There are 2 protein chains.
Amino acid sequence: MERRQPRLKELSRELGLSITTVSRALAGYSDVSATTRERVREAAARSGYVPNRAGRALKSGQTGFVGLVVPVRDAQFIDAFLGEFVMGLGEALAEAGRDLALTTATRRQEEMDVLAHVVNAGQVDGMVVSRATCADPRVGYLLDRGVPFVLHGRVLEETRPHAWLDTDGAAAFGEAARRLVALGHRRFGLLTFSDPMTFAHYRRAGLEAALAEAGLALAPEAMAAAPRADPAALRAAAGRLLDAPERPSAILCATDTLAITLMEEAARRSLAIPRDLSVVGFDNLPVSSYASPGLTTFDARIQECGVAVARMLLAVIENGPAAVEPKLVAADFIPRASHGPAPG
Amino acid sequence: MERRQPRLKELSRELGLSITTVSRALAGYSDVSATTRERVREAAARSGYVPNRAGRALKSGQTGFVGLVVPVRDAQFIDAFLGEFVMGLGEALAEAGRDLALTTATRRQEEMDVLAHVVNAGQVDGMVVSRATCADPRVGYLLDRGVPFVLHGRVLEETRPHAWLDTDGAAAFGEAARRLVALGHRRFGLLTFSDPMTFAHYRRAGLEAALAEAGLALAPEAMAAAPRADPAALRAAAGRLLDAPERPSAILCATDTLAITLMEEAARRSLAIPRDLSVVGFDNLPVSSYASPGLTTFDARIQECGVAVARMLLAVIENGPAAVEPKLVAADFIPRASHGPAPG
DNA sequence: CTCGCGATCCGAAACGTTTTGGATCGATAG
DNA sequence: CTATCGATCCAAAACGTTTCGGATCGCGAG
């Protein structure tokens, strides 16, 4: 039953035409007559001919793939996003007839090696670089070899211009701070990651800027951080904030998972939310609407980001890096029951 | 700065060797001397040489990619799994030096066309077929053209043998039924999908078999179903179960999302869970542990399934379809607070 | 009648790799 | 001395596609 797929050679023999003509007919060139073109197209459709990717890639240099490297190590962190983001990427790529080449890096340290391998094997036309760190080495690497890419997130100091798309975490946390100040809060806390993720930096910066505007400040002991991959340390960090002598009345958390951890620790200490403590997260994970109380958070519309990143990358591949402007997209405030007026 | 990647030609010229020798040295053939082999390997590592995927694919017929087609339409359904499953696939593929080629089908109807396109373009060495339906047309299609594949899920009637891996939903729902019977429940209900998904069939069959063993049966009006992609209809179906004259005291739901919907509808009707009604789901989504009360469910360990499916597929690619046995894996019962003794 | 031109078509090269079938050379066996 | 053999190496073909530079033919202009 095993039917081999017809290739240009078989197709041309069957039609009594040359390989060249069949190829050009399918590509729609004007130097093949309209009747021949139709005849070729009809035969191709009937036999289910699809140009071989490898052959085309070899000649044209375009593989039809866009690469994404995802680290498999800290699954608990990325899982929640990956699905949505990949869906967005795939949706936009499908429109352009491209596919996503997904490579997993089994350890964090390998991520750079894996990227180099993918790029050097020429298996992609461009890369999506996700989860940007403050001084992400991948940016320089890709710029150096002229590989089209779009960074999802931002680098702290953009020494050489490149395409990126990031959610405006600074604006979001600024907004959250102003809303909480308006509700009477004066003592703020921040629970965040100690890893050099750029988003954590900007969320903190946005919070501090808004507090400064209100004449407030984030006390050093009101900020707790721990490595993303260390749940126990994160739990401890949350506890530290709650056990501080001058416990904050409002705590912003860099992500929803942190906020959930914080709420669990608060429950263990019999603190009522939002009566004793207001909590705000970020990401709008499905979990956050089912937590009790429902978690106030921000929605970054990850799937739309995926679509936008893919479109940007296609533009870079098509027209060069200068063709696209970096994008900063706003996150939507999702008020739920975990924040309220300041106690007292 | 744009450095072009060295190819076999440049590398061989630089070393004063032929392309053949360099290629064979890197492949580890014994007909190149140990000293030359080392010299070549050192030079390749230094210059960052990686064989071009397209060139290799063209000659050897192996692309190094394994394909997965995901429909982007019903994102709300697949999102929860996709991340975990893909992680598992990627993890196992990375060990074998392969990558995942992810293609999105923008509409449900297109899924078959997309599959044909991927296969006919020769862009993959094998396919992972996910979300099996009762009489899935993809199985016959792939068998016909001798494309290696593994089905995640099962087909109802396996007319021609092929590799598949499925979670034993029948056993799981049987276990749930027996536990609930032991807790005094006699009136059972089932909330499921009306789509022809195989998993829904088996979960129902497992429930009915266990009930029959206990001398019970599922009343026709105690089963409600609606299309997966229609949240309103699903909500209505849940309501129908709750409003039935002889309301079940225990309702099994084909998935956690259905169970969550049911619990929301129950809350609107002021039914207390588990006092008035026991609810059991399936999937162990993150959400299920944060619902109140926590949802009793089954964990299918999706990531491990991804790993196993990938390993099976690699074996099929390597040694032919006869080399692997289908696998039925058990799901773990995760007892939480949503089930309890029968009322009265 | 010859020339040039537009409309169609095609041969051959090239992309980078792997593999087949030798070629070369020094040493060993007869 | 010649034949054989093992150890090393290499030229060339092939995978399927795209594209460059023609080739062919009929027809109208000169």
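Below, chains carry the letters A, B, ... as their sequence lines are ordered, and counting in each starts from 1. Note that the structure is a prediction, hence the values are computed from the model and not measured.
Atom CD of Q123(A) and atom C1' of dG16(C) are 15 Å apart (whole Å). Separating the CD atom of E10(A) from the C1' atom of dG16(D) is a distance of 10 Å, rounded to the nearest angstrom. Between R53(A) atom CZ and dT17(D) atom P the separation is 13 Å, expressed in whole Å. Here the C1' atom of nucleotide dT19(D) and the CG atom of L26(A) are 15 Å apart, to the nearest Å. Distance L8(B) CG to dC15(C) P: 13 Å, rounded to the nearest Å. A straight line from CG of L15(B) to P of dT8(D) spans 17 Å, rounded to a whole angstrom. Note: CG (L58(A)) to C1' (dT19(D)) measures 14 Å, nearest angstrom.
Put simply, R56(B) has a side-chain N or O that comes within less than 4.0 Å of OP1 or OP2 on dT18(C). Checking the phosphate oxygens (OP1, OP2) of dC9(C), no side-chain nitrogen or oxygen of Y29(A) falls inside 4.0 Å. Look at T21(B) and you'll find a side-chain N or O under 4.0 angstrom from OP1 or OP2 of dC10(D).
Using modelled atom types and a 3.5 Å distance limit, the side chains of T36(B) and S33(B) yield a donor-acceptor pair.
Here D144(B) pairs with R160(B) in a salt bridge; the nearest charged N to carboxylate O distance falls below 4.0 Å. Salt-bridge annotation for R53(A) and D99(A): present, with a side-chain N of the basic residue lying under 4.0 Å from a carboxylate O of the acidic one.
Among the heavy atoms of the strands lying under 4.0 Å from I19(B) is at least one base atom, whether or not backbone atoms are also near.
Judged purely by atom type and a 3.5 angstrom limit, R131(A) has no side-chain atom pairing as donor or acceptor with the backbone of G153(A). With hydrogens and angles disregarded, no donor-acceptor distance shorter than 3.5 Å links the side chain of T133(B) to the backbone of P196(B).
Interface residues of residues 32-49 of chain A facing DNA chain C, ordered by number: V32(A), S33(A), T36(A); criterion, heavy-atom separation under 4.0 Å.
Of the listed nucleotides (dT18(C), dC15(D), dG16(C)), dT18(C) has the atom at the smallest distance from the side chain of S23(B). Relative to the side chain of P51(A), the nucleotides dT17(D), dT18(C), dC10(D) differ in distance, and dT17(D) lies closest.
Side-chain contact check for S12(B) versus S18(B): every heavy-atom pair is 4.5 Å or farther apart. Contact annotation: the side chain of E95(B) approaches that of R311(B) to within less than 4.5 Å [non-hydrogen atoms, C-beta and beyond].
Of the two residues contacting DNA chain D, namely G16(B) and K59(B), the nearest-nucleotide position lying further toward the 5' end is that of G16(B).
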Inset, instruction - Starting at the 5' end of nucleotides 20-28 of chain D, put B wherever the base has a protein heavy atom under 4.0 Å, S where only the sugar-phosphate does, and a dash everywhere else. - result: B--------
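The distance from atom CD of E91(A) to atom OG1 of T106(B), rounded to the nearest 0.5 Å, is 8.0 Å. Taken from CG in D166(B) to CG in L151(B), the straight-line distance is 8.0 Å, to the nearest 0.5 Å.
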